[in-house]
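What follows is one structure encoded as structure tokens, with my remarks underneath.
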Amino acid sequence: MDFSNIKTYSDEVIEEAVSTLTKEELIAFPTETVYGLGADATSDNAISLIYSFKNRPKINPLICHVINKEMAYRYCYETKLSNLLAKTFWPGPVTMILNQKKNNGISKLVTANLDSIAVRHPKNNIFEEIICKFDKPVAAPSANISGNVSPTTAMHVYEEFGKKLELIIDGGASEKGIESTVIDARGDNPIIFRHGPITTEMIENKLNLKVLSNLKIDTVESPGQLFKHYSPNKKLIINSLKVGKHSSYLGFKNMMPDKQFKGEALNLSENGNLEEAAANLFTMIRYLDKNKSKNIMVAPIPHDGIGIAINDRLERAAQ
Ligand code: TXA
Ligand code: MG
């Protein structure tokens, strides 16, 4: 196989990334959460390519990645809450939903014609250098065909798009392993639209603010939550206390099959560390999806901290 489009960091590769964005084409790169498929957020042509490459529904808006809050505020209105969140969690896995400024130059395809926009300052040296040199927001969803398991390595991106992408930058395995926490920052209190590595407890403790329940959110406000997501080819069966004969098993802590089990079993975290489980989640699901078993059974994962986000992804993957 020809992997010549997978490249590691160098000054030339950063130059190539910036010039590819300038040509209104797509690049794939690491972030601390999952790998992203990025394009110039101000270019209709480039953003159309993202939707067609991914086969993504056009009503599902994209996140604009920025290098600091000042870049974000060129395009949207700041709030007291957005300043607090940026100060506390940026760079990092927090995406904020804010009101857009009129005629801000961002492609309407990025925001799916909503009045709001999603902004995030990622924590990854390679990607930060690209945004800084490009000096415009980079719109980027996860670098997978819509509905598939999100990629956490450059090889996963290659499995999705192969040589169709001219440049996949390899920055090693993504540290967090699941997508950013999406927070509505337009009001006085944060509202979580998508659970992620920054948890409700972390926000409440650091900001001393109540996070509002997101149970009643209108799906139109958070379109990404409407779709089938994170799904392997095989059936995924969650909260499994036992493993079937023709299954693979994704365990957690001491929840693992006994020695008689002949199939393949992996442990998300032997010592029950939920951060480690999140970092392993998509990689292990992709791995078990490739063996001969009929389905993948997953141990119950505690609904604490980042466990909430892990369970959210597993429930969607099992739909
Ligand atoms: O960690 C991440 O967030 C990764 C990396 C690449 O940054 N990106 C990512 O993008 O997960 P994506 O496209 O897979 O998910 C973006 C989520 C979707 O659920 C989408 O509906 C939501 O953000 N979103 C984007 N703009 C929005 C808006 N204006 N209002 C509400 N939700 C929005
Ligand atoms: Mg995604």
Side-chain angles (χ1 to χ4, degrees), residues 26-39 41 47 50-51 53-66 72 75-77 89-100 104 106-124 126-128 130-131 137-152 156-157 160 169 171 174-186 191-198 214 217-231 278-279 282 306 309 312-313 316-317:
L26 307 184
I27 54 170
F29 42 76
T31 88
E32 81 280 36
T33 56
V34 299
Y35 272 66
L37 179 68
I47 302 304
I50 291 188
Y51 283 97
F53 260 60
K54 280 184 61 96
N55 195 17
R56 180 179 174 111
K58 287 247 167 57
I59 61 161
N60 191 8
L62 306 174
I63 298 170
C64 285
H65 297 78
V66 294
Y75 305 93
C76 56
Y77 293 105
F89 297 111
W90 277 8
V94 158
T95 295
M96 297 197 268
I97 308 297
L98 290 166
N99 285 320
Q100 282 198 73
N104 60 6
I106 299 289
S107 166
K108 294 264 181 289
L109 292 167
V110 167
T111 51
N113 278 317
L114 296 171
D115 294 332
S116 59
I117 185 170
V119 286
R120 157 165 133 82
H121 178 185
K123 191 177 168 101
N124 177 281
I126 299 175
F127 189 24
E128 288 181 87
I130 294 170
I131 305 167
V138 177
S142 48
N144 54 277
I145 310 282
S146 224
N148 287 359
V149 180
S150 304
T152 52
H156 295 163
V157 180
E160 296 288 310
I169 306 179
S174 296
E175 182 198 333
K176 302 289 181 194
I178 52 174
E179 299 84 350
S180 62
T181 309
V182 178
I183 303 172
D184 183 349
R186 289 170 288 189
I191 306 173
I192 296 187
F193 280 3
R194 177 176 73 185
H195 290 285
I198 301 298
N214 68 331
I217 286 176
D218 183 332
T219 40
V220 175
E221 275 201 83
S222 187
Q225 306 304 80
L226 283 168
F227 305 105
K228 187 176 162 70
H229 231 119
Y230 320 114
S231 301
F282 291 144
I306 198 171
D312 166 77
R313 305 305 189 271
R316 287 171 203 284

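As the structure lists them, so they are numbered: ligands from 1, and atoms in each ligand from 1. Because the structure is predicted, anything quoted here is derived from the model rather than measured.
Put simply, the side chain of Tyr75 never gets that close to the backbone of Cys64: no donor and acceptor are under 3.5 Å apart. Under a 3.5 Å cut-off, the side chain of Gln100 and the backbone N or O of Leu114 do form a donor-acceptor pair. The backbone N or O of Lys176 sits nowhere less than 3.5 Å from a side-chain atom of Glu32 that would complete a donor-acceptor pair. Proximity of a side-chain donor or acceptor of Thr152 to a complementary backbone N or O of Ser174 within less than 3.5 Å is not detected.
Proximity to Ser180 (heavy-atom distance under 4.0 Å) selects the following atoms of ligand 1: 1 (O), 2 (C), 3 (O). Near Leu114, the atoms of ligand 1 lying under 4.0 angstrom from a non-hydrogen atom of the residue are 28 (C), 29 (N), 30 (N). Of all atoms in ligand 1, numbered sequentially from 1 with element shown, those under 4.0 Å from a heavy atom of Ala118 are 25 (C), 26 (N), 27 (C). The atoms of ligand 1 that sit less than 4.0 Å from any heavy atom of Ile97 are 27 (C), 28 (C), 30 (N), 31 (C), 32 (N), 33 (C). In summary, the atoms of ligand 1 found under 4.0 Å from a heavy atom of Pro141, numbered by their order in the structure, are 6 (C), 10 (O), 12 (P), 13 (O). Contact atoms of ligand 1 toward Thr33: 1 (O), 2 (C), 4 (C), 5 (C) (distance under 4.0 Å to a heavy atom of the residue).
Side chain to side chain, Thr33 and Ser180 fail the donor-acceptor criterion of an N or O pair below 3.5 Å. Remark: the Ser150 side chain and the Arg313 side chain contain no N/O donor-acceptor pair separated by less than 3.5 Å.
For Phe127 and His65, the distance between ring centers is under 6.0 angstrom.
Taking 4.0 Å as the cut-off, His65 counts as a neighbour of ligand 1 on heavy-atom distance. Within the structure, the closest approach of Pro93 to ligand 1 does not fall below 4.0 Å when heavy atoms are considered. Within the structure, the closest approach of Lys176 to ligand 1 does not fall below 4.0 Å when heavy atoms are considered.
Some N or O of Arg120 is nearer than 3.5 Å to an N or O of ligand 1, by distance alone. The shortest N or O to N or O distance between Asn60 and ligand 1 is below 3.5 Å.
The closest side-chain heavy-atom distance from Val34 to Ile178 is not below 4.5 Å.
In terms of the ring pair (Phe, Tyr, Trp, His ring centres under 6.0 Å) criterion, residue partners of Phe282 (sequence neighbours excluded) are, by chain and number, Tyr230.
At a threshold of 4.0 Å, the pair Arg120-Glu179 does not count as salt-bridged, since none of the basic side-chain nitrogens sits closer than that to a carboxylate oxygen.
Environment of NZ in Lys54: crowded, with over 12 heavy atoms of neighbouring residues, nucleotides or ligands closer than 6.0 Å. The local environment of CG in Asn104 is crowded, with over 12 non-hydrogen atoms from other residues, nucleotides or ligands closer than 6.0 Å.
Contacts between Ile63 and ligand 1, counted as non-hydrogen atom pairs separated by less than 4.0 Å, involve the side chain only.
Below the 2.8 Å limit, the Mg ion (ligand 2) has as protein N, O or S neighbours Ser142 OG.
Residue nearest to atom 8 (N) of ligand 1, selected from Ala140, Ser116, Ala28: Ala140 (by heavy-atom distance).
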